[in-house]
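For this chain, numbers begin at 1 and follow the sequence in order.
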Amino acid sequence: MAEPALACHALHCRAGGRDLFTDLSFQVHAGERLALMGPSGSGKTTLLTTLAGLLPPVGGQVLVGGVPLAENPGLRREIALVLQSYGLLTLLTAAENIEVVLRAAGRDPRQAIAEAAAALERLGLGRHAGHLIEELSGGQQQRVAIARAIALRPRVLLADEPTAEQDAANRALVLDALIAAADRGAALVIATHDPEVAERCDRVIELRAAVPRAQGSPAR
């Protein structure tokens, strides 16, 4: 059997001087959809940033394709992370925010332009492609960040509360786009409070009071 696209072993994470979990292990294979659920403060965002290689764990390790991320930081290029802060450049348009990342990933200019336009169209933002980020609503900005992550075609796609700023129609657009990315082979991990999101996933891990149900449970 192929190595999981993403795995963590005996992960110990701490934030604000508090242990969030001390022995967390799970794995996600290509095309699999995993939901992380739990109340605010349970460590969902900290876990995602650790899985992305942006925050070193206190102990344990994260592996991408069976290779330790800490020993091979270049593997971070195979991970796309959508944070709640979006991480967009306000002086650029929606399309330019995606194009610049695709260019940095090695796409040629014409390919980057075409793929950015397609990603924005998929998220219902085609007519906003030329708008500056500061001209967009919070929900629209969130969808730009999601479109950017999906356009990268990462091996691992991590999303932190990706439906939090969306109305019902746009929540469906976001979920469909994320699920489609998994169908194309990405290992998808979504931190969410939304039971509808969890229902669309294959497994759920509940993070509660620093005691995770690490093995996961079926979402349905």
Side-chain angles (χ1 to χ4, degrees), residues 3 5-8 28 30-31 45-57 62-162 165 173-174 177-191:
E3 288 282 355
L6 176 70
C8 63
V28 191
T45 297
T46 297
L47 178 55
L48 288 185
T49 53
T50 301
L51 294 175
L54 301 179
L55 182 68
V62 176
L63 300 98
V64 176
V67 180
L69 183 58
E71 298 172 13
N72 298 269
L75 288 171
R76 280 187 259 177
R77 292 192 294 268
E78 300 187 32
I79 303 170
L81 171 63
V82 182
L83 289 169
Q84 291 187 61
S85 57
Y86 314 144
L88 301 171
L89 300 173
T90 57
L91 296 179
L92 299 182
T93 66
E96 288 167 343
N97 263 275
I98 301 174
E99 291 164 18
V100 70
V101 172
L102 295 180
R103 291 284 303 276
R107 314 283 215 281
D108 68 52
R110 283 183 296 182
Q111 183 184 16
I113 289 170
E115 291 183 3
L120 288 170
E121 192 67 39
R122 190 178 302 122
L123 271 299
L125 292 168
R127 64 191 179 92
H128 298 289
H131 290 195
L132 293 173
I133 291 302
E134 62 187 12
E135 297 172 339
L136 302 178
S137 69
Q140 290 168 335
Q141 291 181 30
Q142 185 177 47
R143 280 184 281 144
V144 172
I146 293 165
R148 179 180 59 187
I150 289 171
L152 279 167
R153 300 196 298 271
R155 178 190 288 197
V156 177
L157 178 54
L158 310 173
D160 194 0
E161 299 288 355
E165 299 291 333
L173 273 181
V174 166
L178 291 171
I179 297 301
D183 290 343
R184 290 191 297 271
L188 176 63
V189 181
I190 305 177

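How far OG1 of Thr93 is from CD1 of Ile98: 9.0 Å, rounded to the nearest 0.5 Å. For the atom pair CG (Leu54) and CD1 (Ile79), the distance works out to 8.5 Å, reported to the nearest 0.5 Å. Note: Leu55 CG to Leu48 CG = 11.0 Å, rounded to the nearest 0.5 Å. The line from CD of Gln140 to NE2 of His131 is 8.5 Å long, rounded to the nearest 0.5 Å. Rounded to the nearest 0.5 Å, atoms CG (Leu47) and OG1 (Thr45) are 9.5 Å apart. Going from atom CG of Leu63 over to atom CG of Leu51 covers 11.0 Å, rounded to the nearest 0.5 Å.
Without hydrogens or angle criteria, Gln142 side chain to Glu161 main chain gives a donor-acceptor distance under 3.5 Å.
No side-chain heavy atom of Thr49 sits under 4.5 Å from any side-chain heavy atom of Asp160. When side chains are defined from C-beta on, Leu120 does not count as touching His128, because their heavy atoms never get closer than 4.5 Å.
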Go through Leu6 and Leu158 one step at a time and tell me if the side chain to side chain contact (heavy atoms under 4.5 Å, CB included) criterion holds. CA-CA 11 Å; Leu6 176 70; Leu158 310 173; 4.2 Å; yes

Carefully, step by step, assess Ile133 and Leu136 under the rule side chain to side chain contact (heavy atoms under 4.5 Å, CB included). CA-CA 5 Å; Ile133 291 302; Leu136 302 178; 4.1 Å; yes

Stepwise side chain to side chain contact (heavy atoms under 4.5 Å, CB included) test for Ile150 and Arg184: CA-CA 10 Å; Ile150 289 171; Arg184 290 191 297 271; 3.4 Å; yes

Given the rule in the side chain to side chain contact (heavy atoms under 4.5 Å, CB included) test, do Leu102 and Gln111 qualify, once you have shown the distances and angles that lead to the verdict? CA-CA 9 Å; Leu102 295 180; Gln111 183 184 16; over 6 Å; no

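In terms of heavy-atom proximity, Arg148 sits nearest to Tyr86 at NH2-O, 2.8 Å. Taking both residues in full, the closest heavy atoms of Ala147 and Ala119 are given as O-CB, 3.6 Å, listed atom of the first, atom of the second, then distance. In terms of heavy atoms, Leu123 sits closest to Ala177 at CD2-CB, 3.8 Å. The nearest pair of heavy atoms linking Val100 to Leu92 is CG1-CD1, 4.3 Å. Taking both residues in full, the closest heavy atoms of Val174 and Arg143 are given as CG2-CG, 3.7 Å, listed atom of the first, atom of the second, then distance. Scanning all heavy atoms of the two residues, the minimum distance from Pro162 to Leu178 falls at CG-CD1, 3.8 Å.
For Glu78, the salt bridge (charged side-chain N to carboxylate O under 4.0 Å, His left out) partners two or more places apart in sequence, or in a different chain, are Arg155.
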